[in-house]
There are 2 protein chains.
Amino acid sequence: MKLHGLACPSGGVLGGMVTMERTLVPAGEGRAVRVAAGRRVRVVDVEGGQVGDLFAFAADDPREHLSAAHTRSVTSRLFPRVGEAFVTDRRRPILTLEGDTSPGSHDMLIAACDPARYEGLGVPGHASCAGNLESALAEMGLSIATVPQPVNVFMRIPVEESGRLRWLAAESRAGDAVTFEAAMDCVVVVSACPQDLAGINGDGPTPMAIDVL
Amino acid sequence: MKLHGLACPSGGVLGGMVTMERTLVPAGEGRAVRVAAGRRVRVVDVEGGQVGDLFAFAADDPREHLSAAHTRSVTSRLFPRVGEAFVTDRRRPILTLEGDTSPGSHDMLIAACDPARYEGLGVPGHASCAGNLESALAEMGLSIATVPQPVNVFMRIPVEESGRLRWLAAESRAGDAVTFEAAMDCVVVVSACPQDLAGINGDGPTPMAIDVL
(Lines give C-alpha, C1' and ligand atoms only; values in the text may rest on other atoms or scores of the structure.)
Protein backbone atom coordinates (compact mmCIF):
# COMPACT_ATOMS: atom_id res chain seq x y z
CA MET A 1 0.00 0.00 0.00
CA LYS A 2 3.02 2.28 0.18
CA LEU A 3 3.34 4.53 -2.83
CA HIS A 4 6.70 6.17 -2.35
CA GLY A 5 7.60 8.54 -5.14
CA LEU A 6 4.23 8.45 -6.86
CA ALA A 7 2.94 11.92 -7.54
CA CYS A 8 -0.81 12.51 -7.60
CA PRO A 9 -1.09 16.26 -7.21
CA SER A 10 -4.81 16.66 -7.46
CA GLY A 11 -5.80 13.68 -5.37
CA GLY A 12 -7.24 10.59 -6.88
CA VAL A 13 -7.88 6.90 -6.59
CA LEU A 14 -4.86 4.73 -7.36
CA GLY A 15 -5.67 1.11 -7.99
CA GLY A 16 -8.99 1.65 -6.25
CA MET A 17 -7.29 1.37 -2.88
CA VAL A 18 -5.52 4.51 -1.72
CA THR A 19 -6.34 8.15 -2.27
CA MET A 20 -3.32 10.37 -2.02
CA GLU A 21 -2.85 14.08 -2.34
CA ARG A 22 0.74 15.13 -2.79
CA THR A 23 2.01 18.60 -1.94
CA LEU A 24 5.51 19.26 -3.19
CA VAL A 25 7.70 21.30 -0.85
CA PRO A 26 10.36 23.01 -2.98
CA ALA A 27 13.92 23.00 -1.58
CA GLY A 28 14.25 25.61 1.15
CA GLU A 29 10.53 26.40 1.28
CA GLY A 30 7.55 25.44 3.46
CA ARG A 31 4.02 24.23 2.82
CA ALA A 32 0.94 23.63 4.98
CA VAL A 33 -1.78 21.01 4.55
CA ARG A 34 -5.01 20.28 6.39
CA VAL A 35 -5.32 16.73 7.70
CA ALA A 36 -8.61 15.39 9.02
CA ALA A 37 -8.65 13.18 12.12
CA GLY A 38 -7.99 9.56 11.12
CA ARG A 39 -6.20 10.46 7.88
CA ARG A 40 -2.52 9.72 7.43
CA VAL A 41 0.13 12.24 6.46
CA ARG A 42 3.49 11.19 5.09
CA VAL A 43 6.62 13.34 4.87
CA VAL A 44 8.90 12.21 2.07
CA ASP A 45 12.57 13.02 1.55
CA VAL A 46 12.42 13.06 -2.24
CA GLU A 47 16.13 13.04 -3.07
CA GLY A 48 17.60 11.97 0.31
CA GLY A 49 19.75 13.69 2.93
CA GLN A 50 17.21 16.42 3.64
CA VAL A 51 15.91 17.61 7.03
CA GLY A 52 12.25 18.60 7.34
CA ASP A 53 10.98 20.82 10.14
CA LEU A 54 7.47 19.63 10.92
CA PHE A 55 4.90 21.58 12.93
CA ALA A 56 1.27 20.70 13.69
CA PHE A 57 -1.59 22.83 14.98
CA ALA A 58 -5.15 22.06 16.06
CA ALA A 59 -7.42 23.00 13.14
CA ASP A 60 -10.06 24.56 15.35
CA ASP A 61 -7.60 26.68 17.37
CA PRO A 62 -4.02 26.96 16.12
CA ARG A 63 -2.89 28.29 19.49
CA GLU A 64 -2.86 24.59 20.45
CA HIS A 65 0.19 23.03 18.81
CA LEU A 66 2.33 19.94 18.79
CA SER A 67 4.71 20.39 21.74
CA ALA A 68 8.05 18.62 21.86
CA ALA A 69 8.38 19.20 25.60
CA HIS A 70 4.95 17.74 26.39
CA THR A 71 5.61 14.82 24.02
CA ARG A 72 8.88 14.01 25.80
CA SER A 73 7.05 14.26 29.14
CA VAL A 74 4.23 11.95 28.07
CA THR A 75 6.39 9.35 26.30
CA SER A 76 9.45 9.58 28.63
CA ARG A 77 11.58 9.50 25.50
CA LEU A 78 13.64 11.98 23.45
CA PHE A 79 11.56 10.94 20.44
CA PRO A 80 8.43 8.77 20.22
CA ARG A 81 8.60 5.21 18.94
CA VAL A 82 6.33 3.90 16.18
CA GLY A 83 2.86 3.58 17.72
CA GLU A 84 3.37 6.44 20.15
CA ALA A 85 1.75 9.86 19.84
CA PHE A 86 3.04 13.40 19.68
CA VAL A 87 0.86 15.54 21.94
CA THR A 88 -0.04 19.21 22.07
CA ASP A 89 0.74 21.78 24.73
CA ARG A 90 -2.61 20.68 26.23
CA ARG A 91 -1.30 17.09 26.31
CA ARG A 92 -3.82 15.89 23.69
CA PRO A 93 -2.58 13.48 21.01
CA ILE A 94 -2.30 15.23 17.64
CA LEU A 95 -0.16 12.90 15.47
CA THR A 96 0.67 9.24 16.02
CA LEU A 97 3.93 7.96 14.57
CA GLU A 98 2.77 5.18 12.29
CA GLY A 99 5.76 4.25 10.19
CA ASP A 100 9.30 5.20 9.27
CA THR A 101 11.26 3.80 6.32
CA SER A 102 14.36 5.91 7.07
CA PRO A 103 17.39 4.76 9.09
CA GLY A 104 15.55 6.33 12.03
CA SER A 105 17.41 9.51 12.99
CA HIS A 106 15.04 12.32 13.91
CA ASP A 107 15.41 15.24 16.29
CA MET A 108 13.17 17.06 18.71
CA LEU A 109 15.84 19.09 20.55
CA ILE A 110 16.96 21.77 18.09
CA ALA A 111 15.04 24.98 17.43
CA ALA A 112 13.90 25.90 13.94
CA CYS A 113 16.45 27.98 12.08
CA ASP A 114 15.32 31.59 12.09
CA PRO A 115 16.47 35.07 11.04
CA ALA A 116 18.62 35.38 14.20
CA ARG A 117 20.39 32.10 13.36
CA TYR A 118 21.40 33.35 9.94
CA GLU A 119 22.36 36.79 11.23
CA GLY A 120 24.71 34.92 13.59
CA LEU A 121 26.11 33.04 10.59
CA GLY A 122 26.72 36.31 8.74
CA VAL A 123 23.95 35.89 6.17
CA PRO A 124 21.05 38.15 7.21
CA GLY A 125 17.92 37.70 5.12
CA HIS A 126 18.56 33.99 4.48
CA ALA A 127 15.42 31.82 4.19
CA SER A 128 14.60 29.99 7.44
CA CYS A 129 12.27 27.29 8.73
CA ALA A 130 10.69 29.81 11.13
CA GLY A 131 10.00 32.16 8.24
CA ASN A 132 8.74 29.28 6.07
CA LEU A 133 6.32 28.29 8.84
CA GLU A 134 4.90 31.78 9.05
CA SER A 135 4.55 32.06 5.26
CA ALA A 136 2.87 28.66 4.93
CA LEU A 137 0.38 29.45 7.69
CA ALA A 138 -0.29 32.89 6.21
CA GLU A 139 -1.31 31.15 2.95
CA MET A 140 -4.09 29.55 5.02
CA GLY A 141 -4.99 32.81 6.74
CA LEU A 142 -3.44 31.65 10.02
CA SER A 143 -0.88 33.27 12.29
CA ILE A 144 0.83 32.27 15.52
CA ALA A 145 2.37 34.14 18.46
CA THR A 146 5.53 32.05 18.80
CA VAL A 147 7.31 29.42 16.73
CA PRO A 148 7.03 26.04 18.49
CA GLN A 149 9.97 23.64 18.79
CA PRO A 150 9.69 21.58 15.58
CA VAL A 151 9.86 17.85 14.97
CA ASN A 152 12.96 17.69 12.79
CA VAL A 153 12.45 14.62 10.64
CA PHE A 154 15.61 13.00 9.26
CA MET A 155 17.78 15.39 11.38
CA ARG A 156 20.70 13.60 12.98
CA ILE A 157 21.62 15.06 16.37
CA PRO A 158 23.08 12.28 18.52
CA VAL A 159 23.25 12.96 22.27
CA GLU A 160 26.54 11.99 23.87
CA GLU A 161 26.70 10.72 27.45
CA SER A 162 28.23 14.06 28.49
CA GLY A 163 25.13 15.89 27.25
CA ARG A 164 26.94 17.19 24.18
CA LEU A 165 24.93 17.29 20.94
CA ARG A 166 26.56 16.56 17.59
CA TRP A 167 25.26 17.93 14.29
CA LEU A 168 25.60 15.33 11.53
CA ALA A 169 24.44 15.15 7.92
CA ALA A 170 21.04 13.52 7.42
CA GLU A 171 21.38 9.90 6.32
CA SER A 172 17.89 9.47 4.85
CA ARG A 173 17.74 8.02 1.34
CA ALA A 174 15.72 9.12 -1.68
CA GLY A 175 12.07 8.24 -1.02
CA ASP A 176 12.47 7.64 2.72
CA ALA A 177 9.32 8.66 4.52
CA VAL A 178 7.81 9.12 7.96
CA THR A 179 4.07 8.50 8.26
CA PHE A 180 1.76 9.87 10.94
CA GLU A 181 -1.93 9.37 11.65
CA ALA A 182 -3.81 12.50 12.65
CA ALA A 183 -5.44 12.12 16.07
CA MET A 184 -7.42 15.34 15.58
CA ASP A 185 -8.23 17.67 12.71
CA CYS A 186 -4.98 19.55 12.25
CA VAL A 187 -2.81 21.73 10.07
CA VAL A 188 0.59 20.21 9.35
CA VAL A 189 3.45 22.37 8.11
CA VAL A 190 6.69 21.04 6.65
CA SER A 191 9.68 23.20 5.86
CA ALA A 192 12.36 21.63 3.65
CA CYS A 193 15.12 23.16 5.76
CA PRO A 194 17.07 25.83 3.84
CA GLN A 195 20.16 25.39 6.03
CA ASP A 196 23.14 25.33 3.65
CA LEU A 197 25.89 26.39 6.06
CA ALA A 198 25.80 23.85 8.93
CA GLY A 199 26.15 20.58 7.02
CA ILE A 200 22.91 19.01 8.24
CA ASN A 201 21.46 18.78 4.74
CA GLY A 202 24.51 17.15 3.18
CA ASP A 203 25.30 18.72 -0.17
CA GLY A 204 22.53 21.30 0.19
CA PRO A 205 18.77 21.72 0.41
CA THR A 206 16.56 19.51 -1.76
CA PRO A 207 12.76 19.15 -2.11
CA MET A 208 10.39 17.17 0.11
CA ALA A 209 6.79 16.09 -0.30
CA ILE A 210 3.76 15.91 1.97
CA ASP A 211 1.34 13.12 1.09
CA VAL A 212 -2.11 13.08 2.67
CA LEU A 213 -3.46 9.53 2.38
CA MET B 1 30.83 35.80 49.29
CA LYS B 2 28.26 33.03 49.29
CA LEU B 3 25.52 33.52 51.83
CA HIS B 4 23.51 30.33 51.63
CA GLY B 5 20.60 30.26 54.00
CA LEU B 6 20.88 33.87 55.14
CA ALA B 7 17.58 35.65 54.89
CA CYS B 8 17.56 39.35 54.18
CA PRO B 9 14.02 40.00 53.04
CA SER B 10 14.15 43.75 52.59
CA GLY B 11 17.56 43.94 50.97
CA GLY B 12 20.53 45.31 52.84
CA VAL B 13 24.26 45.43 53.13
CA LEU B 14 25.80 42.39 54.79
CA GLY B 15 29.37 42.90 55.90
CA GLY B 16 29.59 45.88 53.58
CA MET B 17 30.17 43.61 50.62
CA VAL B 18 27.03 42.00 49.25
CA THR B 19 23.51 43.30 48.94
CA MET B 20 20.96 40.54 48.78
CA GLU B 21 17.23 40.54 48.48
CA ARG B 22 15.65 37.21 49.30
CA THR B 23 12.22 36.17 48.05
CA LEU B 24 10.89 33.06 49.73
CA VAL B 25 8.98 30.69 47.44
CA PRO B 26 6.58 28.68 49.62
CA ALA B 27 6.35 24.97 48.86
CA GLY B 28 4.20 24.38 45.78
CA GLU B 29 3.96 28.08 44.88
CA GLY B 30 5.68 30.47 42.47
CA ARG B 31 7.25 33.92 42.72
CA ALA B 32 8.61 36.44 40.22
CA VAL B 33 11.47 38.90 40.67
CA ARG B 34 12.95 41.63 38.50
CA VAL B 35 16.68 41.31 37.86
CA ALA B 36 18.66 44.13 36.27
CA ALA B 37 21.35 43.35 33.69
CA GLY B 38 24.61 42.50 35.44
CA ARG B 39 22.95 41.47 38.74
CA ARG B 40 23.07 37.89 39.91
CA VAL B 41 20.09 35.74 40.81
CA ARG B 42 20.43 32.62 42.91
CA VAL B 43 17.87 29.83 43.23
CA VAL B 44 18.18 28.01 46.55
CA ASP B 45 16.79 24.61 47.50
CA VAL B 46 16.13 25.49 51.13
CA GLU B 47 15.51 22.02 52.57
CA GLY B 48 16.92 19.82 49.75
CA GLY B 49 15.38 17.40 47.24
CA GLN B 50 13.18 20.05 45.60
CA VAL B 51 12.76 20.80 41.89
CA GLY B 52 12.36 24.42 40.79
CA ASP B 53 10.84 25.37 37.44
CA LEU B 54 12.62 28.53 36.32
CA PHE B 55 11.40 30.86 33.58
CA ALA B 56 12.90 34.16 32.40
CA PHE B 57 11.42 36.93 30.27
CA ALA B 58 12.85 40.12 28.78
CA ALA B 59 11.76 42.97 31.06
CA ASP B 60 10.94 45.30 28.18
CA ASP B 61 8.90 42.74 26.23
CA PRO B 62 7.91 39.52 28.00
CA ARG B 63 7.02 37.93 24.66
CA GLU B 64 10.79 37.33 24.44
CA HIS B 65 11.62 34.50 26.82
CA LEU B 66 14.35 32.08 27.80
CA SER B 67 14.07 29.25 25.25
CA ALA B 68 15.34 25.77 26.05
CA ALA B 69 15.36 24.80 22.35
CA HIS B 70 17.40 27.83 21.29
CA THR B 71 19.75 27.35 24.26
CA ARG B 72 20.39 23.73 23.21
CA SER B 73 20.95 24.91 19.63
CA VAL B 74 23.43 27.62 20.64
CA THR B 75 25.38 25.57 23.21
CA SER B 76 25.11 22.17 21.43
CA ARG B 77 24.37 20.67 24.83
CA LEU B 78 21.32 19.31 26.68
CA PHE B 79 22.12 21.81 29.45
CA PRO B 80 24.64 24.67 29.55
CA ARG B 81 27.87 24.36 31.50
CA VAL B 82 29.02 26.97 34.04
CA GLY B 83 30.07 30.03 32.04
CA GLU B 84 27.60 29.38 29.21
CA ALA B 85 24.43 31.38 28.59
CA PHE B 86 20.77 30.53 28.29
CA VAL B 87 19.36 32.45 25.33
CA THR B 88 15.93 33.69 24.36
CA ASP B 89 13.76 32.70 21.43
CA ARG B 90 15.54 35.58 19.63
CA ARG B 91 18.89 33.89 20.45
CA ARG B 92 19.96 36.73 22.77
CA PRO B 93 21.71 35.76 26.05
CA ILE B 94 19.38 36.32 29.01
CA LEU B 95 21.00 34.41 31.93
CA THR B 96 24.56 33.10 32.22
CA LEU B 97 25.10 30.05 34.41
CA GLU B 98 27.60 31.34 36.96
CA GLY B 99 27.74 28.71 39.68
CA ASP B 100 26.18 25.51 40.98
CA THR B 101 26.77 24.01 44.42
CA SER B 102 24.42 21.05 43.81
CA PRO B 103 25.45 17.58 42.58
CA GLY B 104 24.67 19.02 39.13
CA SER B 105 21.46 17.36 37.91
CA HIS B 106 19.21 19.79 36.09
CA ASP B 107 16.71 19.29 33.29
CA MET B 108 15.64 21.22 30.23
CA LEU B 109 13.59 18.47 28.50
CA ILE B 110 10.42 18.13 30.57
CA ALA B 111 7.43 20.47 30.28
CA ALA B 112 6.11 22.34 33.30
CA CYS B 113 3.41 20.42 35.12
CA ASP B 114 0.05 21.91 34.24
CA PRO B 115 -3.68 21.35 34.80
CA ALA B 116 -3.77 18.68 32.05
CA ARG B 117 -0.94 16.77 33.78
CA TYR B 118 -2.88 16.56 37.02
CA GLU B 119 -6.16 15.74 35.27
CA GLY B 120 -4.28 12.80 33.75
CA LEU B 121 -3.13 11.79 37.23
CA GLY B 122 -6.73 11.91 38.49
CA VAL B 123 -6.35 15.06 40.59
CA PRO B 124 -7.96 17.93 38.69
CA GLY B 125 -7.46 21.34 40.26
CA HIS B 126 -4.03 20.44 41.69
CA ALA B 127 -1.52 23.33 41.86
CA SER B 128 0.92 23.32 38.92
CA CYS B 129 4.09 25.06 37.79
CA ALA B 130 2.25 26.41 34.74
CA GLY B 131 -0.43 27.89 36.99
CA ASN B 132 2.19 29.22 39.40
CA LEU B 133 3.97 30.96 36.50
CA GLU B 134 0.79 32.68 35.40
CA SER B 135 -0.06 33.77 38.96
CA ALA B 136 3.43 35.10 39.65
CA LEU B 137 3.45 37.10 36.40
CA ALA B 138 -0.06 38.40 37.08
CA GLU B 139 1.24 39.83 40.38
CA MET B 140 3.52 41.98 38.23
CA GLY B 141 0.76 42.88 35.79
CA LEU B 142 2.23 40.61 33.10
CA SER B 143 0.66 37.85 31.02
CA ILE B 144 1.94 35.46 28.36
CA ALA B 145 0.40 33.62 25.42
CA THR B 146 2.06 30.24 26.02
CA VAL B 147 4.06 28.61 28.83
CA PRO B 148 7.68 28.20 27.71
CA GLN B 149 9.68 25.03 28.36
CA PRO B 150 11.18 25.68 31.82
CA VAL B 151 14.70 25.23 33.14
CA ASN B 152 14.06 22.60 35.79
CA VAL B 153 16.78 23.19 38.38
CA PHE B 154 17.68 20.17 40.54
CA MET B 155 15.40 17.93 38.41
CA ARG B 156 17.02 14.58 37.69
CA ILE B 157 16.03 13.20 34.27
CA PRO B 158 18.90 11.05 32.98
CA VAL B 159 18.85 10.26 29.24
CA GLU B 160 19.61 6.64 28.42
CA GLU B 161 21.41 5.67 25.23
CA SER B 162 18.10 4.33 23.84
CA GLY B 163 16.55 7.79 24.18
CA ARG B 164 14.52 6.75 27.22
CA LEU B 165 14.15 9.32 29.99
CA ARG B 166 14.08 8.29 33.64
CA TRP B 167 12.37 10.34 36.36
CA LEU B 168 14.41 10.25 39.58
CA ALA B 169 14.12 12.05 42.91
CA ALA B 170 16.11 15.29 43.15
CA GLU B 171 19.42 14.78 44.96
CA SER B 172 20.08 18.43 45.86
CA ARG B 173 20.92 19.07 49.51
CA ALA B 174 19.63 21.75 51.89
CA GLY B 175 21.09 25.08 50.81
CA ASP B 176 22.25 23.92 47.38
CA ALA B 177 22.00 26.76 44.91
CA VAL B 178 22.34 27.64 41.24
CA THR B 179 23.50 31.16 40.43
CA PHE B 180 22.92 33.06 37.20
CA GLU B 181 24.05 36.47 35.99
CA ALA B 182 21.43 38.47 34.12
CA ALA B 183 22.59 39.35 30.61
CA MET B 184 19.63 41.70 30.13
CA ASP B 185 17.00 43.30 32.34
CA CYS B 186 14.64 40.42 32.97
CA VAL B 187 11.85 38.95 35.03
CA VAL B 188 12.73 35.60 36.59
CA VAL B 189 10.02 33.27 37.86
CA VAL B 190 10.63 30.24 40.06
CA SER B 191 7.96 27.69 40.92
CA ALA B 192 8.77 25.35 43.80
CA CYS B 193 7.23 22.41 41.93
CA PRO B 194 4.04 21.15 43.61
CA GLN B 195 4.41 17.67 42.09
CA ASP B 196 3.66 15.21 44.92
CA LEU B 197 2.63 12.18 42.83
CA ALA B 198 5.60 11.44 40.54
CA GLY B 199 8.45 11.13 43.07
CA ILE B 200 10.63 13.89 41.61
CA ASN B 201 10.47 15.95 44.82
CA GLY B 202 11.37 13.08 47.15
CA ASP B 203 9.16 13.12 50.22
CA GLY B 204 7.11 16.01 48.90
CA PRO B 205 7.26 19.69 48.00
CA THR B 206 9.36 22.04 50.13
CA PRO B 207 10.17 25.78 49.91
CA MET B 208 12.78 27.45 47.75
CA ALA B 209 14.28 30.93 47.73
CA ILE B 210 15.26 33.44 45.06
CA ASP B 211 18.16 35.69 46.05
CA VAL B 212 18.95 38.73 43.94
CA LEU B 213 22.54 39.73 44.66
Side-chain angles (χ1 to χ4, degrees), chain A residues 53 63-65 67-81 84 87-92 104-121 128 130 144-152 155 157-167 195 198 200, chain B residues 53 63-65 67-81 84 87-92 104-121 128 130 144-152 155 157-167 195 198 200:
Chain A
D53 280 34
R63 288 175 300 185
E64 182 174 1
H65 58 84
S67 165
H70 293 86
T71 298
R72 284 190 293 265
S73 303
V74 166
T75 59
S76 291
R77 294 191 60 80
L78 286 181
F79 200 88
R81 287 178 295 196
E84 293 181 326
V87 303
T88 69
D89 55 321
R90 298 180 199 166
R91 299 183 189 249
R92 300 198 303 157
S105 293
H106 308 291
D107 168 76
M108 217 164 51
L109 296 171
I110 300 298
C113 61
D114 51 27
R117 169 68 162 144
Y118 292 106
E119 281 165 28
L121 288 168
S128 70
I144 49 172
T146 56
V147 174
Q149 155 85 58
V151 176
N152 298 309
M155 189 169 184
I157 304 286
V159 180
E160 297 184 345
E161 199 177 334
S162 65
R164 181 180 161 228
L165 309 177
R166 298 185 65 204
W167 300 62
Q195 176 59 262
I200 58 170
Chain B
D53 280 34
R63 288 175 300 185
E64 182 175 0
H65 59 83
S67 165
H70 293 86
T71 298
R72 283 189 295 265
S73 304
V74 166
T75 60
S76 291
R77 296 191 59 80
L78 286 181
F79 201 88
R81 289 178 294 195
E84 292 182 327
V87 303
T88 69
D89 55 322
R90 297 180 200 167
R91 299 183 190 245
R92 299 199 304 156
S105 293
H106 309 290
D107 169 74
M108 216 162 55
L109 296 171
I110 300 298
C113 61
D114 51 27
R117 168 68 162 145
Y118 291 106
E119 280 164 29
L121 288 167
S128 70
I144 48 172
T146 56
V147 174
Q149 155 85 56
V151 176
N152 298 310
M155 188 167 185
I157 304 286
V159 180
E160 296 184 347
E161 198 177 335
S162 66
R164 182 181 161 229
L165 309 177
R166 299 186 64 206
W167 300 61
Q195 176 59 264
I200 58 168

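Atoms considered below: every heavy atom in the structure, side chains included; atoms not considered: hydrogens, waters and symmetry mates. First the proteins, then the strands, lettered A, B, ... as listed; each starts at 1.
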Which one wins on heavy-atom pair count under 4.5 Å against chain B: [options]?
options                   : answer
G120(A), C113(A), A69(A)  : A69(A)
D89(A), V159(A), I110(A)  : I110(A)
A130(A), A111(A), P150(A) : A111(A)

Taking the side chain from R91(B) and the backbone from A116(A), do they hold a donor-acceptor pair closer than 3.5 Å?
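Answer holds: no.
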Please look at R117(A) and chain B and tell me whether the side chain, the backbone, both or neither of the residue comes under 4.5 angstrom of a heavy atom of that chain.
both
Bottom line for A112(A): the part with an atom under 4.5 Å from chain B's heavy atoms is backbone
R92(B) versus chain A, the contacting section by heavy-atom distance below 4.5 Å
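Nothing of R92(B), per the 4.5 Å heavy-atom cut-off to chain A.
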Part of R90(B) lying under 4.5 Å from any heavy atom of chain A
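Contact with chain A: backbone only.
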Ignoring hydrogens, what is the shortest heavy-atom contact between [X] and [Y]? Give both atom names and the distance.
X       : Y       : value
M108(B) : R72(A)  : O-NH2, 4.4 Å
W167(B) : S76(A)  : NE1-OG, 2.9 Å
A145(A) : A145(B) : CB-CB, 4.3 Å

Check whether any side-chain heavy atom of L165(B) sits under 4.5 Å from a side-chain heavy atom of T75(A), and report yes or no.
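The answer is no, as the side chains (C-beta and beyond) never meet within the 4.5 Å cut-off.
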Measuring from atom CD of E160(B) to atom CG of L78(A), what distance do you get when rounded to the nearest 0.5 angstrom?
10.5 Å
